Amino acid sequence: MTSPQAPEDGQGGGDPPRDLRSVLVTSVLNLEQLDGDLFRGRHYWVPTTKRLFGGQIMGQALVAAAKSVSEDVHVHSLHCYFVRAGDPKVPVLYHVERTRTGASFSVRSVKAVQHGRPIFTCQASFQLVQPSPIQHQFCMPAVPPPEELLDYETLIDQYLRDPNLQAKYRVGLNRIAAQDVPIEIKPVTLPTLSQLQNAEPKRMFWVRARGYIGEGDFKMHCCVAAYISDYAFLGTALLPYQGHCKVHLMASLDHSMWFHAPFRADHWMLYECESPWAGGSRGLVRGQLWRRDGVLAVSCAQEGVIRVKPQVSGSKL
């Protein structure tokens, strides 16, 4: 075990160009304030499900909550429930309730509303920074640095160039390649297509926001991490079943985050994901976001509904 430390200069391996401001700050998580504790959010990226991306709703809700607390407190936990599918054709209204403002801890409740009905609720707890002699954490997994790995776009291009790639994989990979996602991802392991069908429900990848965010407001880095944490997270529970089942429905039910140490969301962080259980048309996943200097920055957990149909073989033998 090691003790968490404050981030060191350069721990992210270099900033993206400063003139390329992250779209996650300028657009995706940018809210319009309609009243004191009422905000309106719009959308940037909509996944192929045609529903709002859960990470964006979480990130925007945390932005709204953070605007209602003082600058000297920082979010330490976030607990969310997704109650209805979001409609990407209309904005989302975020209502913030100042549940409690204490000397050390403050709690904010946020309700996201569309068409007059809540689609999402969450509670965020903020804490005044306090020193403590009790400090420990597990050790970060030993993995190759991001500079030695290929990004998703390059890997997908390599797969698509394979003449032996099955049509069912080609369609899915083309769909992923066409998505304009505001984060960069570099998988740590590169399974072959045959290994994909027998994978463990575990994976690791380096991830960071595209563009430059800067040191500025740490709360914004937490909001960006909320966005990042939901990307490809629940899919970890499906890794052992690829090629055997066709996904009919996969959607987040709840999502929790705990923020442990300062970090930069526009610097590379290792996202370690695992699914310890699946059953009853649900799957549980856990994740840890590590700074590349070995400090555990964020812990996550999510349960989602997963409904699948068995894949029917085309062979008649």
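Here the structure is a predicted model, which is why all the values come from computation and not from measurement.
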**Message:** If you apply the rule side-chain contact (heavy atoms from CB on, under 4.5 Å), what do you find for T121 with V110, and how did you get there?
**Reply:** CA-CA 6 Å; T121 64; V110 184; over 6 Å; no
**Message:** I'd like to know if V23 and V207 are part of one continuous hydrophobic network [Ile/Leu/Val/Met/Phe/Trp/Tyr, side-chain heavy atoms within less than 4.5 Å].
**Reply:** yes
**Item:** Atom of G102, atom of S106 and distance for their closest heavy-atom approach
**Value:** N-OG, 3.5 Å
**Message:** Between H43 and V90 (side chain of the first, backbone of the second, donor and acceptor by atom type, cut-off under 3.5 Å), is there such a pair?
**Reply:** yes
**Request:** With rounding to the nearest 0.5 Å, note down the distance linking NZ in K202 to CE in M204.
**Result:** 9.5 Å
**Request:** Take F205 and T189 through the test side-chain contact (heavy atoms from CB on, under 4.5 Å) and record every step on the way to the result.
**Result:** CA-CA 8 Å; F205 50 89; T189 56; over 6 Å; no
**Asked** Do V181 and I228 belong to the same hydrophobic cluster, where Ile, Leu, Val, Met, Phe, Trp and Tyr are linked whenever their side-chain heavy atoms lie under 4.5 Å apart, directly or via other members?
**Response** yes
**Item:** Set of salt bridge (charged side-chain N to carboxylate O under 4.0 Å, His left out) partners for R282, sequence neighbours left out
**Value:** E303
**Item:** Ring centre gap for H79 and W258 strictly below 6.0 Å
**Value:** yes
**Prompt:** Rounded to the nearest 0.5 Å, what separation is found between the SG atom of C223 and the CG atom of N30?
**Reply:** 11.5 Å
**Fill in**
Correct closest heavy-atom pair for L52 and V92 would be CD1-CG2, 3.7 Å
**Prompt:** Can you find a pair of side-chain heavy atoms, one from R84 and one from R117, that are under 4.5 Å apart?
**Reply:** yes
**Request:** Kindly say whether A297 contributes a backbone atom to a donor-acceptor pair with the side chain of R291 at under 3.5 angstrom?
**Result:** no
**Request:** Applying side-chain hydrogen bond (donor to acceptor under 3.5 Å, both in side chains), run through D254 and Q302 and close with a yes or a no.
**Result:** CA-CA 6 Å; D254 60 356; Q302 183 181 109; over 6 Å; no
**Message:** Tell me whether the count of non-hydrogen atoms from other residues, nucleotides or ligands lying under 6.0 Å of NE2 in H115 goes above 12.
**Reply:** yes
**Request:** Calculate, to the nearest 0.5 Å, the distance between atoms CG and OH belonging to L289 and Y271 respectively.
**Result:** 5.5 Å
**Prompt:** What is the minimum heavy-atom distance between R21 and I213, and which atoms define it?
**Reply:** NH1-O, 2.9 Å
**Sole candidate of K67, K111, R108, R98 that passes salt bridge (charged side-chain N to carboxylate O under 4.0 Å, His left out) when paired with D37** = R98
**Message:** With a 6.0 Å cut-off on the ring centroids, do H74 and F218 count as close?
**Reply:** yes
**Heavy-atom check, side chain of M257 versus side chain of V298, under 4.5 Å** = yes
**Request:** Report the C-alpha separation of F126 and H76 in whole Å, then their side-chain angles, then the decisive distance to 0.1 Å, and conclude whether the side-chain contact (heavy atoms from CB on, under 4.5 Å) test is met.
**Result:** CA-CA 6 Å; F126 298 81; H76 73 87; 5.7 Å; no
**Message:** For residues V63 and L93: do they belong to one hydrophobic cluster (side chain heavy atoms under 4.5 Å, members Ile, Leu, Val, Met, Phe, Trp, Tyr)?
**Reply:** no
**Message:** So, using salt bridge (charged side-chain N to carboxylate O under 4.0 Å, His left out) as the criterion, who are the partners of D151 when residues are at least two apart?
**Reply:** none
**Prompt:** What about L31 and V75, same hydrophobic cluster or not, with Ile/Leu/Val/Met/Phe/Trp/Tyr joined at side-chain heavy-atom distances under 4.5 Å?
**Reply:** yes
**Request:** Evaluate side-chain hydrogen bond (donor to acceptor under 3.5 Å, both in side chains) for Q130 paired with S104, printing each intermediate quantity in order.
**Result:** CA-CA 8 Å; Q130 296 173 302; S104 299; 3.2 Å; yes
**Message:** Using modelled atom types and a 3.5 Å cut-off, is there a donor and acceptor pairing between side-chain atoms of Q114 and backbone atoms of D87?
**Reply:** yes
**Asked** Side-chain contact, heavy-atom cut-off 4.5 Å: V96 with S109?
**Response** no
**Request:** Please tell me if the side chains of L78 and C122 come closer than 4.5 Å, counting only heavy atoms from C-beta onward.
**Result:** yes
**Message:** Less than 4.5 Å apart, side chain to side chain, heavy atoms only: is that true for V188 and W206?
**Reply:** yes
**Message:** Could you check whether any side-chain N or O of K186 sits under 3.5 Å from a backbone N or O of L150, counting only pairs where one atom can act as donor and the other as acceptor?
**Reply:** no
**Prompt:** Are a donor atom and an acceptor atom from the side chains of S299 and Q288 found within less than 3.5 Å of each other?
**Reply:** no
**Asked** Going by heavy atoms in the side chains, are Y231 and I183 under 4.5 Å from each other?
**Response** yes
**Residue of the set C273, P201, S275, C300 for which side chain to side chain contact (heavy atoms under 4.5 Å, CB included) holds with V285** = S275
**Request:** Decide yes or no for L249 and I306: does some side-chain heavy atom of the first lie under 4.5 Å from some side-chain heavy atom of the second?
**Result:** no
**Asked** Once you round to the nearest 0.5 Å, how far does OG of S22 lie from OH of Y212?
**Response** 11.5 Å
**Message:** Which residue is it: H95, Q33, Q60, E32? I am looking for the one with a side chain to side chain contact (heavy atoms under 4.5 Å, CB included) to F39.
**Reply:** Q33
**Item:** Residues forming a side chain to side chain donor-acceptor pair (under 3.5 Å) with E153, sequence neighbours excluded
**Value:** R210
**Prompt:** Any chain of hydrophobic side-chain contacts (each under 4.5 Å) joining F120 to V107?
**Reply:** no
**Request:** Please report the C-alpha distance between Y81 and H255 in whole Å, then the side-chain angles of each, then the deciding distance to 0.1 Å, and finally whether the ring-ring contact (aromatic ring centres under 6.0 Å, His included) criterion is met.
**Result:** CA-CA 7 Å; Y81 280 94; H255 189 107; over 10 Å; no
**Message:** Restricting to non-hydrogen atoms, name the atom on A265 and the atom on V224 that form the minimum distance, rounded to 0.1 Å.
**Reply:** CB-CG1, 3.5 Å
**Centroid separation Y227 to F53 less than 6.0 Å** = yes
**Request:** Measure from the side-chain N and O atoms of W268 to the backbone N and O of I185, and report whether any donor-acceptor pair falls under 3.5 Å.
**Result:** no
**Message:** Rounded at 0.5 Å granularity, tell me how far CD in E272 sits from OG1 in T236.
**Reply:** 11.0 Å
**Complete:** Closest non-hydrogen contact found for G214 with D266 is N-OD2, 3.1 Å
**Item:** Test item: Q137 side-chain N/O and G294 main-chain N/O as donor-acceptor pair under 3.5 Å
**Value:** yes
**Asked** Does R40 offer a backbone N or O that forms a donor-acceptor pair with the side chain of Y94 under 3.5 Å?
**Response** no
**Item:** Pairwise side-chain contact, I119 with F82, heavy-atom cut-off 4.5 Å (strictly under)
**Value:** no
**Request:** Indicate whether any N or O donor in one side chain lies under 3.5 Å from an N or O acceptor in the other, for S281 and R307.
**Result:** no
**Message:** Between C222 and L62, is the side-chain contact (heavy atoms from CB on, under 4.5 Å) condition met? List the steps.
**Reply:** CA-CA 8 Å; C222 294; L62 187 52; 4.3 Å; yes
**Asked** How long is the gap from CG on D293 to CE on M269, to the nearest 0.5 Å?
**Response** 11.5 Å
